Amino acid sequence: MTASLLSQLSARVGQVFADCELDPKFGKVVLSQRRELGQFQCNGALAAAKSAKRNPREIAELVVAALEKTGLFQELSLAGPGFINMKLADDFLLDHVNAISKDETFGIRGECTPEKVILDFGGPNVAKAMHVGHLRATIIGESLRRLHEFLGNEAISDVHFGDWGLPMGLLIKEIELQQPELPYFDTANEGPFPSESPVTVDELQELYPAASARSKEDPEFLEAARQATFELQNGRAGYRALWQHMLNVSIAETKIDFDLLGAHFTEWKGEADTNDHIPGMLKRFADEGLSELSDGAVVVRVAEDADKKEIPPLILQKSDGAVMYGTTDLATIEQRQIAHDPDKILYVVDARQSLHFEQVFRAARKGSSLDADAVLEHVGFGTVNGKDGKPLKTRDGGVVRLRALIEDAIGEARKVVEEAGMADRFDAGELSDIATKVGIAAIKFADLSNQRMSNYVFDLERFTKFEGKTGPYQMYAAVRIKSMLRKAADQNITSGDLVITEEAERNLMLALSQLSEAVLSAAEKSAPNILCDHVYALTQEFNAFYHDCQVLGETDEKVRASRLRLCEITLRQIEAVLHLLGIAVPERM
RNA sequence: GGCCCCAUAGCUCAGUUGGAUAGAGCAACAGACUUCUAAUCUGUAGGUCCGAGGUUCGAAUCCUCGUGGGGUCGCCA
C-alpha cells in the first residue's frame, strides 16, 4: 500500500528529528509556499527549537545534513530562521506517481480504517416543492456520501423526509375544507380507501401555503390542525390513508430533483417511520427520570453547568400530546443505532439548526440512545444569496424552486455552449446532454468550492463560464484529455513508462501526488471545497503541461509514451475527484 | 440582551490548524494561435487581512474588548 507523498516525507524527516532527540511530529512536511525555493518545506525546526530551547538553525542544519544522505532529494536548503526547503529527486517522484496510479483509489483507501457512516441529507418535506434551501443540503450531502464511499466506508444515506409534523395536520384540514366529500374525514370509516391520490403534487403545493396562511388568521383552524396532527400520529385510519397519498405524490416529485442532481439514497425514511418507536422511547426517558413535565409538555433538560450559552430543554411531547421534530430526530438516532450500529452520523442541514442539533445530540447522550463512542455531527452550511447579498428570492419575493434553479442553470449552460458553436458539431441529443452536464457542474462546483459555513452569491453567469475556477473549466480539461486519448488510439500510439523531461511534467506529477491529503482532509472536515481546490490545481497544471508539452506530436517515442501515460493518469484523477463532487464529464464537448 | 457564524485585492472567494514576500478566479492591462480543442497559456497591476489591545522570536490564524452584517434564543420544521 502506498502512503501519501507528504506522509512518507514527514515520516522520513520525523525520524531525523527523533534521532536528534526531538519529537518526530516536528518533521511534518508540507507543500512549499514558495515554489521558487522548493517543492516542499518543513518548518518543524522552529517549533522544535522553542520546546527544546535550542537554536532553530542548528537543528535545521542537523536535519538537512541527515536528509542529504538519504538520496531522496535533488536539493535541500536552509533558509531564514530555520525553514528547510526541499526538492525531490525525480526518481522518487516517478516511483510514487507510478505506485499510486496502479491503485484504484490512488493508494488512499489503504490509509483508512473502514467505518460505518450514516449521512442524513436532502430533507425534503411533504407537499412543499424542494427549494433553494435544499440545494446545498443535497449537493454537499451527496458529495460527502461519495467521499465516504471512496474511502471504503459503508455509507448509508437517508433522505429523512419531513412528513410528520403540524404541516400534515394543516394539509389534512385544508383538504377537508376544500373537498369535504372525500372519505378520509369520516372517523367511523376504517377503509379501505381509494388507491388514487385525491390531490396532485401541483395541488399540494398550492394547498400548503394556503393552509399555512389560514392557520395564522384563524386560530380555530390551527387548533383543528393540531388535533388532526395528533390523531394522525395516533393512527386514525382516514388520515393515515390521505397522508400516505400525500407522501407518495411528494416522494415521486422529489425523486425528479434528486435524479437531476445525481443524489443517491440508500434509505427513503422519514419522521413518520419513528412513530412506532416513540411511545417506548418516551416511556424509557420517563422511567429513567431523564424527562419531566414542564408547562404541560414533556421535556428533557440538556443544559450543563459548563455551558456558556443557555441551552433550552428539548421538547419530546407538546402539551397537546403531539411530538415534534426533535422527538422524531431522537427516535431516529435510536432506530439507526438498532438497525446499523453506526460509527458516525452526519447531518447535512442548514447551519441555522445548530441549536436544535445540539439539543438532540445532548438528549441522545443523556439517554444513551446510541453507542457512547459513536460520533454525532451537524454538518451545517450557509445560505444561498442573490446578488444583493440577501437570501435568494424570486422577483416577486417568493421562494425559488429547486427545479427552476436547475433549469435556469441548464438553460444558461445551453446558451454558453451554443455560443461556442457546439450546435454545429453535435446533434440535438448530445448537445442537450452536454448542456445538462455543464449546467449541473456549474452550480455544483460553485456551491461546493465555497467554504461550507459561509453564505455565497448565486450568479449563474459566473458559474457557467469556461474560464477560471468553475465547473465547466474542470470538465473541459477532462474532455481535452479524452479527445487526445481517442486520437492516440486511432493512431495506435500507446503509453509507456513515466519519465521527466520538462518542468511542466514534474509539476503535474506533484499535483497528482497531492490527492491523498485533499481527500483525507476533505473527509475529516466534511469540506468538499478542499476537493475543489485540488482538482482546480490539477487541471491548471494539466493545462500548463498541455501548452508546454506536445504529446501525440512528440518525436521521441519514450517521451511520447510517458506523456500519454501521464494524460491517462491525470484524466482518471480528474474524473475521480469530479465524481466525488457529483460532476459527470461528457465524452466530447 | 445572551449565544453562534461571518468580515481578506474593485468583485467573488481560498488560506494546509502559529511560519518566509498573504494567494486564486473574474474584471483591467500587455503578450502567445498554419491548435494534440486559444473554452487555453504566459506576464503586469491591484492589500490598513474590519478596528484596538494582548500572547509569541513570528499572528489573517490564538486571547480580550469593540464595530458592521447574518442567524438563533421551549410547545413550527
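Naming: A, B, ... by sequence-line order, numbering from 1 per chain. Note that the structure is predicted; figures quoted are calculated from it, not measured.
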Is there a donor and acceptor pair closer than 3.5 Å between the side chain of [X] and the base of [N]?
X      : N     : value
A/D350 : B/A77 : no
A/T383 : B/G71 : no
A/Y476 : B/A39 : no
A/K390 : B/G69 : no
A/Q451 : B/A14 : no

Looking only at atom [atom1], what distance separates [N] and [M], rounded to whole Å?
N     : M     : atom1 : answer
B/U61 : B/G54 : C1'   : 15 Å
B/U21 : B/G46 : C1'   : 16 Å
B/A14 : B/C57 : C1'   : 28 Å
B/A27 : B/C36 : P     : 26 Å

OP1, OP2 of [N] versus side-chain N and O of [X]: anything below 4.0 Å?
X      : N     : value
A/K318 : B/C76 : yes
A/Y473 : B/C41 : yes
A/T470 : B/U12 : no
A/Q540 : B/C41 : no
A/N529 : B/G15 : yes

With sugar-phosphate meaning primed atoms plus P, OP1 and OP2, does [X] contact a base, only sugar-phosphate, or nothing at under 4.0 Å between heavy atoms?
X      : answer
A/S483 : base
A/V479 : base
A/D163 : nothing
A/A351 : nothing
A/K525 : base
A/M422 : base

Check your understanding: What about the rings of A/Y325 and A/H356, do their centers lie closer together than 6.0 Å?
Key -> yes
Check your understanding: Are the aromatic ring centres of A/Y347 and A/F361 under 6.0 angstrom apart?
Key -> yes
Between the side chains of [X] and [Y], is a donor N or O closer than 3.5 angstrom to an acceptor N or O?
X      : Y      : result
A/Y473 : A/N543 : yes
A/T383 : A/R352 : no
A/S4   : A/E111 : no

From the list [options], which nucleotide is the closest neighbour of the side chain of [X]?
X      : options             : value
A/P167 : B/C76, B/G25, B/C75 : B/C76
A/Q33  : B/G25, B/A39, B/G19 : B/G19
A/K50  : B/C5, B/U56, B/A14  : B/U56
A/Y456 : B/G74, B/C75, B/C13 : B/C13
A/S319 : B/C75, B/A39, B/A14 : B/C75
A/R226 : B/C36, B/A20, B/C76 : B/C76
A/M324 : B/A14, B/C76, B/U72 : B/C76
A/A420 : B/G71, B/C76, B/A39 : B/A39

Point to revise | Chi-based syn or anti call at B/U17, which uses purine or pyrimidine torsion atoms and a 90° bound | key: syn
What is the distance, to the nearest angstrom, from the [atom1] atom on [X] to the [atom2] atom on [N]?
X      : N     : atom1 : atom2 : result
A/H534 : B/U16 : NE2   : C1'   : 14 Å
A/K469 : B/A27 : NZ    : P     : 16 Å
A/F26  : B/G18 : CZ    : P     : 13 Å
A/Y325 : B/G74 : OH    : P     : 12 Å
A/L37  : B/G19 : CG    : C1'   : 14 Å
A/D459 : B/C11 : CG    : P     : 14 Å
A/L392 : B/G70 : CG    : P     : 17 Å
A/Q41  : B/G15 : CD    : C1'   : 14 Å

**Study point:** Euclidean distance, A/I139 CD1 relative to A/L448 CG, rounded to 0.5 Å
**Key:** 6.0 Å
Exercise for review: For the pair A/T332 (side chain) and A/T328 (backbone), establish whether a donor and an acceptor sit closer than 3.5 Å, ignoring hydrogens and angles.
Suggested key: yes
Check your understanding: Is a side-chain donor or acceptor of A/K465 paired with a backbone partner of A/V416 at a separation under 3.5 angstrom?
Key -> no
Exercise for review: Kindly indicate whether a cation-pi arrangement holds for A/R480 with A/Y546, taking the cut-offs as under 6.0 Å to the six-membered ring centre and within 45° of the axis.
Suggested key: yes
Practice item. Would you mind telling me which residue lines up with the more 5' stretch of RNA chain B, A/A47 or A/D295, judged by nearest nucleotide? Key: A/A47
Point to revise | Of A/P391 and A/K387, the one whose closest RNA chain B nucleotide lies more 5' | key: A/K387
So what's [N] paired with, Watson-Crick or G-U wobble, going by both distances under 3.5 Å?
N     : answer
B/G23 : B/C13
B/C36 : none
B/A52 : B/U64
B/G1  : B/C73
B/C29 : B/G43

Review point. Which residues in residues 543-554 of chain A have at least one heavy atom lying under 4.0 Å from any atom of RNA chain B?
Key: A/N543, A/Y546, A/H547, A/C549, A/Q550, A/V551, A/L552
Point to revise | side-chain contact (heavy atoms from CB on, under 4.5 Å), paired with A/L538, selected from A/L515, A/L508, A/D533 | key: A/L508
Practice item. Compare the aromatic ring of A/Y536 with the six-membered base ring of B/A24 and state whether they stack according to the 5.5 Å and 30° rule. Key: no
Check your understanding: Would you say A/R588 and A/S483 make side-chain contact, with heavy atoms under 4.5 Å?
Key -> no
**Study point:** Note, A/E304 side chain near A/R362 side chain (heavy atom, < 4.5 Å)
**Key:** yes
